[in-house]
Amino acid sequence: MRAVLAYTLAGLRGAVLGWGLGLAALGVYILAFYDTIVAQSETLQQLLRQLPRELLAFFGDVERFATPAGYLETEYFSYLPLLLGTYAVLVGSSLIADLEERGLLDLFMSAPVSRLAFLLGRWLGFSLASLGIVVLGWLGLVLGRPLATRLTASPLALAGPFVSLLAQVLLFGALALALSQVLPARRLAAMAAGLGLGASFFLTGLGRVVRDLEAVARFSPLTYYQGGAALDGLRGDWLAGLCGATVALLALAGWRFQRRDLRVSGEGDWPWPRRRPRSPTVPKG
């Protein structure tokens, strides 16, 4: 299992540096304008109130825009679940299925390692890589704090939104992993999980505006993403629910992986019948 973990981390080190340093740079850039935004808070709030409420529903509370939580939520944290969710979907769907479709999984399974240990090693590597990304993003905000002299949030408080973000990343990664064991191809699993991510984002935003969708939006994972609001404290019940859903999806992936046959040459059992190609007709005589 250690070898599987090391192999996974080695393959994801580029993603950790790319995504993590990108989030850190974006955080420093956002904080560079913090004092200016706070100084003009009343003017900006009046301007934002003129915009459609439906548009602003995806970017947080306008009334809290000039507060530490509101500004960071609107300009920084509101986008992160969609961005890192894309990373989680792509990596989660390829943890097992990509190796299988490239014919490398048989090589790993020839070693004295069980399927469950292999899956857990891959998942643990993905989890540590995701943790590394959010830690780098958090360090970007911590290092950028001197640029925002009016920002009173402590480094520990700034870690709260990233904990909520990590819970979302792990959830969508587990969803993509589970789908990759249910659907016959990695690209189908990534597409299905990506559609779920996009639907969750829009459903959560619309649920804040359309009252008829409030009850449906409760089933959206992004409804339980706190974002900048986590600067005021994390909700333990929301985190527990997200972690429980992640564990359930991971258990489904492990159960399915242990009981199915491995694919050969990247082909799986498709849920619909394929047409067999017609055999060429040989002219007589």
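Quick note: numbers below take in every heavy atom, side chains included, and nothing from hydrogens, waters or symmetry partners. FYI, the numbering just counts along the sequence from 1.
- Ala148 and Leu31 get closest at one heavy-atom pair: CB-O, 3.7 Å.
- In plain terms, the two heavy atoms of Ala176 and Gly92 that are nearest each other are CB-C, 3.9 Å.
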- Message: Quick one, Leu5 with Leu128, criterion side chain to side chain contact (heavy atoms under 4.5 Å, CB included). Give me CA distance, side-chain angles, the key distance, then yes/no.
- Response: CA-CA 10 Å; Leu5 174 60; Leu128 291 177; 4.1 Å; yes

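- Residues Leu203 and Phe219 have side chains not in contact (no heavy-atom distance under 4.5 Å, counting atoms from C-beta outward).
- Expressed to the nearest 0.5 Å, how far CG of Leu156 lies from CG of Leu231 amounts to 11.0 Å.
- The distance from the CZ atom of Phe202 to the CG atom of Leu82 is 7.5 Å, given to the nearest 0.5 Å.
- The shortest side-chain heavy-atom distance between Leu239 and Tyr224 does not fall under the 4.5 Å cut-off.
- Nearest heavy-atom pair across Ala129 and Leu12 is CB-CD1, 3.7 Å.
- By the rule that hydrophobic residues join a cluster once side-chain heavy atoms approach within less than 4.5 Å of another member, Phe77 and Phe33 end up as members of one cluster.
- Under the 4.5 Å side-chain heavy-atom criterion for grouping Ile, Leu, Val, Met, Phe, Trp and Tyr, Val134 is connected to Tyr29 within one hydrophobic cluster.
- Using a 4.5 Å cut-off on side-chain heavy atoms (C-beta onward), Leu23 and Tyr76 make contact.
- When all heavy atoms are compared, the tightest approach of Ala192 to Leu179 is CB-CD1, 3.8 Å.
- Between Phe108 and Phe118, the two ring planes are tilted [angle within 30° to 60°].
- Residues Leu250 and Leu119 form a side-chain contact, since some pair of their non-hydrogen atoms from C-beta on lies under 4.5 Å apart.
- A continuous path of Ile, Leu, Val, Met, Phe, Trp and Tyr side chains, each step under 4.5 Å between heavy atoms, connects Val16 with Leu141, placing both in one hydrophobic cluster.
- Thr204 places none of its side-chain heavy atoms less than 4.5 Å from the side chain of Tyr225.
- In this structure, the side chains of Arg122 and Leu99 come closer than 4.5 Å at one or more pairs of heavy atoms.
- Side-chain contact of Ser94 with Arg186: a donor-acceptor pair under 3.5 Å is absent, judged by distance alone.
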- Task: Give the C-alpha distance, both sets of side-chain angles, the deciding distance and a yes or no for side chain to side chain contact (heavy atoms under 4.5 Å, CB included) between Leu84 and Phe172.
- Result: CA-CA 9 Å; Leu84 283 189; Phe172 282 102; over 6 Å; no

- Task: For side chain to side chain contact (heavy atoms under 4.5 Å, CB included), just list the numbers for Leu249 and Leu177, CA-CA rounded to whole Å, side-chain angles, deciding distance to a tenth of an Å, and then say yes or no.
- Result: CA-CA 8 Å; Leu249 289 169; Leu177 175 60; over 6 Å; no

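- For the pair Ser200 (side chain) and Leu197 (backbone), a donor-acceptor distance under 3.5 Å is absent.
- Summarising the geometry of Ala97 relative to Ser180, their closest heavy-atom pair is CB-CB, 4.0 Å, with the distance given to 0.1 Å.
- Expressed to the nearest 0.5 Å, how far CH2 of Trp19 lies from OG1 of Thr86 amounts to 6.0 Å.
- The same ILVMFWY cluster, assembled from side-chain heavy atoms under 4.5 Å apart, contains both Leu195 and Leu188.
- Summarising the geometry of Leu252 relative to Ala178, their closest heavy-atom pair is CD2-CB, 4.2 Å, with the distance given to 0.1 Å.
- Using a 4.5 Å cut-off between side-chain heavy atoms of Ile, Leu, Val, Met, Phe, Trp and Tyr, with links allowed through other members, Ile96 and Leu104 fall into the same hydrophobic cluster.
- To the nearest 0.5 Å, atoms CG (Leu136) and CG (Leu17) are separated by 7.0 Å.
- Going from atom CG of Leu95 over to atom CG of Leu124 covers 11.0 Å, rounded to the nearest 0.5 Å.
- Of the possible polar contacts, one joining the Ser164 side chain to the Gln226 backbone as a donor-acceptor pair under 3.5 Å is found.
- Of the candidates Arg256, Arg260, Arg259, Gln258, Arg260 is the only one forming a side-chain hydrogen bond (donor to acceptor under 3.5 Å, both in side chains) with Gln181.
- Rounding to the nearest 0.5 Å gives a distance of 5.0 Å between CG of Leu222 and CD of Gln168.
- Pairs engaging residues 236-254 under the salt bridge (Lys or Arg N to Asp or Glu O under 4.0 Å) rule: Arg235-Asp237 [sequence neighbours left out].
- In this structure, Thr246 and Cys243 have side chains that are not in contact, with every pair of non-hydrogen atoms separated by 4.5 Å or more.
- A heavy-atom distance below 4.5 Å is found between the side chains of Leu120 and Leu116.
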- Take Leu26 and Tyr79 through the side chain to side chain contact (heavy atoms under 4.5 Å, CB included) test and state the conclusion after the steps. CA-CA 11 Å; Leu26 180 61; Tyr79 302 96; over 6 Å; no

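- No donor-acceptor pair under 3.5 Å is formed between the side chain of Ser93 and the backbone N or O of Ala189.
- Screening residues 126-146 for side-chain hydrogen bond (donor to acceptor under 3.5 Å, both in side chains) gives Tyr87-Ser130, Trp123-Ser127 as the qualifying pairs, with residues at least two apart or on separate chains.
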